Amino acid sequence: GRTANFTVDGANFNNNFGLSSGLPGGGSPISLDAIEEIQVVISPYDVRQTNFIGGGVNAITKSGTNTFKGSAYVYHRNENMRGNTVDGTELGDRDKDRNTTYGATLGGPIVKNKLFFFVNFEYSQIPTVVNRWRPSTDGVANPDLNISRTTVEDMQKVSDFLKTKYGYDTGSYTNYPANESNMKVLARLDWNISNKHKLAVRYNYTLNRGWNNTNASSSNCTLRTTEGRLSQYSMAFANSMYSMDNKVNSVTLDFNSRLTDNLSNQLLVTYSQLDDIRGTNSSPFPFIDILDGTGTVTPYMSAGYELFTWNNGVHNQVVTVKDDITYYAGNHKITAGLSYEYQMADNSYMRNGTGYYRYHSLEDFLNGATPETVAITYGYDGEENPAARVRFNQAGAYVQDEWNAAERFKLTYGVRFDALIFNNKDVMTNNAIYELDYNGRHIDTGKWPTTKLQISPRVGFTWDVLGD
């Protein structure tokens, strides 16, 4: 979500960078079997709600009790469990479409009436085929059977050569990674410290992974290859594929205190690390394209660390600290609080980060001839992991009163103040732009624009018109 605010036990689970419209962790960051309840708010007037223009969704996770309780489950779906007829017309053979989810939960007391635990594990897998192409035995391509002209003998020759001379493992040329998977782990502890103080700590981890073929034809050369690297003309090894890994690490600490009969306090501290990164089974090694030797840019074979994968990822860190104090005075509930949020988002991308070589022919490559093209990408000022980064801090203060003015009428009114502070270390001055004169004004790209204090007065009411 981009306009809505999604949280789990108050921890940020938003798509903050915005490359896609889905939630972190592949769109499903937490198991439904770990959720106790879901809160949904639309246009709320509560001053504690912020950071969205659409709606707010907060999932509250399950906690342990004095009774040991667990569950185990398996959900399976395949192509035979869905319809295949429209208006009496059969649609033909069904493509394979399968998804299996395994999960378990367990909760109970560690110390009765005092300390409780809850854990959840869930794993789902979708069998898929990413690459159907296979090398030939005779050098003759058969596109209908996904047989490439690249021969088994040549692929074995290149694999052995790279292993012997450089110690590099190309991976298989008959077995390619493919299956999509999603793993979720959640653990929660609840501690009744005393009659007045309670502490809850929750951690969850999600890894969603899907595999992709190596890039089809792009490179740093003037001309890209005329055919795909996996096609009837060419083959690539398994370790030249890459995965898209959507990772979630999140921790929440919730400390509630009943200070007096009329005064309570809640301290909420959360940390979320949300990453969308590329993965690989390859060790660091240059990416190699071998052409077919015809004098054209027609590929024949590729090997090495996928040329767009090195240091390619989006990283997002969110830290929030929030403290609310509530005072009950007759038919008034007065709440005041302070909030702080730190957020970092970066996008890293180093095309050809491990190096790139292109050879005219298989013979040139095996005989150590000069490659046609060489390319490598370095980080700015020697930075090993360069990234476009933005960091900001947001501080807030608020106060409100919930007044039960009558038995069927409640008035909520308050005000919220928010200040946004950017980190100028993430940007640099472009002198060519700064020297431009805009009617006496100069633009410094090394400084973020000055922000203004945001003041948000809020008034709302709840009226049970019919008293039912």
Side-chain angles (χ1 to χ4, degrees), residues 129-178 211-242 280-310 351-377:
V129 177
V130 177
N131 172 42
R132 299 181 182 275
W133 290 99
R134 295 295 183 267
S136 63
T137 57
D138 56 5
V140 178
N142 188 336
D144 293 334
L145 298 178
N146 293 300
I147 301 298
S148 174
R149 65 170 177 169
T150 309
T151 65
V152 171
E153 180 183 1
D154 286 346
M155 296 204 75
Q156 188 63 52
K157 192 181 298 183
V158 169
S159 183
D160 292 343
F161 176 81
L162 290 173
K163 185 69 174 179
T164 301
K165 188 166 184 176
Y166 302 104
Y168 176 70
D169 181 7
T170 62
S172 175
Y173 51 81
T174 58
N175 184 26
Y176 293 78
W211 285 93
N212 299 270
N213 284 324
T214 187
N215 178 273
S217 60
S218 295
S219 70
N220 263 28
C221 307
T222 304
L223 297 174
R224 63 171 61 200
T225 56
T226 57
E227 306 293 339
R229 292 184 172 101
L230 282 164
S231 66
Q232 63 175 308
Y233 298 94
S234 178
M235 286 294 299
F237 292 91
N239 283 358
S240 295
M241 297 178 66
Y242 69 93
T280 179
N281 290 329
S282 174
S283 59
F285 194 78
F287 189 80
I288 301 167
D289 272 334
I290 301 172
L291 303 181
D292 66 357
T294 61
T296 64
V297 285
T298 307
Y300 183 70
M301 193 186 306
S302 298
Y305 197 107
E306 207 276 337
L307 69 170
F308 291 94
T309 295
W310 180 262
R351 177 177 179 169
N352 301 315
T354 59
Y356 175 78
Y357 295 84
R358 190 162 87 180
Y359 292 85
H360 283 293
S361 66
L362 179 60
E363 289 71 24
D364 278 4
F365 171 70
L366 295 175
N367 294 326
T370 302
E372 175 195 86
T373 299
V374 176
I376 191 167
T377 301

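This chain uses plain numbering: 1 for the first residue, then up along the sequence. As a basis for the values below, the full set of heavy atoms in this structure was taken, side chains included, without hydrogen atoms, waters or symmetry mates. Predicted, not measured: the structure shown is a model, and the values here were computed from it.
Phe285 has its side chain out of reach of Asn239: every pair of non-hydrogen atoms, C-beta onward, lies at least 4.5 Å apart. Contact of the Tyr233 side chain with the Thr226 side chain is not registered, since no non-hydrogen atoms from C-beta on lie closer than 4.5 Å. The shortest distance between side-chain heavy atoms of Asp169 and Lys163 falls below 4.5 Å.
In this structure a side-chain-to-backbone donor-acceptor pair under 3.5 Å is present from Asn367 to Glu363. Between the side chain of Ser240 and the backbone N or O of Gly304 there is at least one donor-acceptor pair closer than 3.5 Å.
Taking all atoms of both residues into account, the shortest heavy-atom contact from Asn281 to Pro177 is ND2-CG, 4.2 Å. Minimum heavy-atom separation, Glu227 to Pro299: O-CG, 3.4 Å. The shortest non-hydrogen separation linking Asn352 to Ala375 is ND2-CB, 4.1 Å. In this structure, Leu362 and Tyr300 approach most closely via the heavy-atom pair CD2-CE2, 4.4 Å. Here the closest non-hydrogen pair linking Tyr168 and Tyr305 is OH-N, 3.8 Å. Contact record, Ser217 with Thr225: CB-OG1, 3.2 Å, taken as the closest heavy-atom pair.
Between atom CG of residue Asn215 and atom CZ of residue Phe308 there is a gap of 4.5 Å, rounded to the nearest 0.5 Å. To the nearest 0.5 Å, atom CG of residue Asn131 and atom CH2 of residue Trp211 are 13.0 Å apart. The distance from atom OG of Ser231 to atom CG of Asn146, rounded to the nearest 0.5 Å, is 10.5 Å.
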Apply the test side-chain hydrogen bond (donor to acceptor under 3.5 Å, both in side chains) to residues Tyr356 and Thr377: give CA-CA distance (whole Å), side-chain angles for both, the deciding distance (0.1 Å), then the verdict.
-> CA-CA 9 Å; Tyr356 175 78; Thr377 301; over 6 Å; no

Carefully, step by step, assess Ser302 and Asp289 under the rule side-chain hydrogen bond (donor to acceptor under 3.5 Å, both in side chains).
-> CA-CA 5 Å; Ser302 298; Asp289 272 334; 2.6 Å; yes

Given the rule in the side-chain hydrogen bond (donor to acceptor under 3.5 Å, both in side chains) test, do Thr298 and Thr296 qualify, once you have shown the distances and angles that lead to the verdict?
-> CA-CA 6 Å; Thr298 307; Thr296 64; 2.9 Å; yes

Please report the C-alpha distance between Arg229 and Ser234 in whole Å, then the side-chain angles of each, then the deciding distance to 0.1 Å, and finally whether the side-chain hydrogen bond (donor to acceptor under 3.5 Å, both in side chains) criterion is met.
-> CA-CA 5 Å; Arg229 292 184 172 101; Ser234 178; over 6 Å; no

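Crowding of Tyr357 atom OH: a count of heavy atoms from other residues, nucleotides or ligands under 6.0 Å not exceeding 12. Heavy atoms from other residues, nucleotides or ligands lying under 6.0 Å from CD of Gln156 number more than 12.
Using cut-offs of 30° and 60° on the angle between ring planes, the pair Phe237 and Tyr173 is perpendicular.
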